[in-house]
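What follows is a single structure, written as structure tokens, with notes after it.
Hydrogens, waters and symmetry mates are skipped; everything else that's a heavy atom, side chains included, is used. Computed from a predicted structure; not experimentally measured. All residue numbers in this chain count up from 1 along the given sequence.
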Amino acid sequence: MRIPFELFLAGFAITGNRKYIFPSIKSTVRPMSENTVNAALRLMGYEKDEMTGHGFHSMDSTLLHEHGWPHEAIERQLAHGVCEGISCI
């Protein structure tokens with residue numbers, strides 16, 4: 001059974017003042033690994049060709065650009081540096 005996307009995002013509301021929304025289970029100073037995120041997506045019923053952890057970055061970047069957010073703000077929010085000429089993805 002697939003878990004609704006809204007439940008997946010509910011974790012955002014309980015992060016408090018931590019640096020990462022999804023910290024590593026071993027250390028709160030590191031983000032959760034992409035392999036862990038992808039494994040969670042598979043448990044929720046998403047196939048490899050439907051969604052990946054990095055797919056959220058691409059999706060978020062596209063949606064924010066479409067809604068007129070400044071490119072530099074988007075790159076910083078997605079934890080990428082600001083590059084000259086192209087995105088740092």
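- Dense packing is recorded around CZ of Arg42, with more than 12 heavy atoms of other residues, nucleotides or ligands lying under 6.0 Å away.
- You'll find the side chain of His65 reaches within 4.5 Å of the side chain of Ile74, heavy atoms only.
- To the nearest 0.5 Å, atom NE2 of residue His57 and atom CE of residue Met59 are 10.5 Å apart.
- Side-chain contact annotation: Thr36 with Ser33, donor-acceptor N/O pair under 3.5 Å present.
- Summarising the geometry, atom NE2 belonging to His71 is positioned 12.0 Å from atom CG belonging to Leu64; distances are rounded to the nearest 0.5 Å.
- Note: Leu41 CG to Lys48 NZ = 12.5 Å, rounded to the nearest 0.5 Å.
- Scanning both residues, Glu75 and Ser61, for their nearest heavy atoms gives OE2-OG, 4.4 Å.
- Under the 3.5 Å distance criterion, the side-chain polar atoms of Asn38 are left unmatched by any main-chain donor or acceptor of Thr52.
- Glu50 places a side-chain N or O within 3.5 Å of a backbone atom of Glu47 that can act as its donor or acceptor partner.
- Residues forming a side chain to side chain donor-acceptor pair (under 3.5 Å) with Ser24 (at least two apart in sequence, or on another chain): none.
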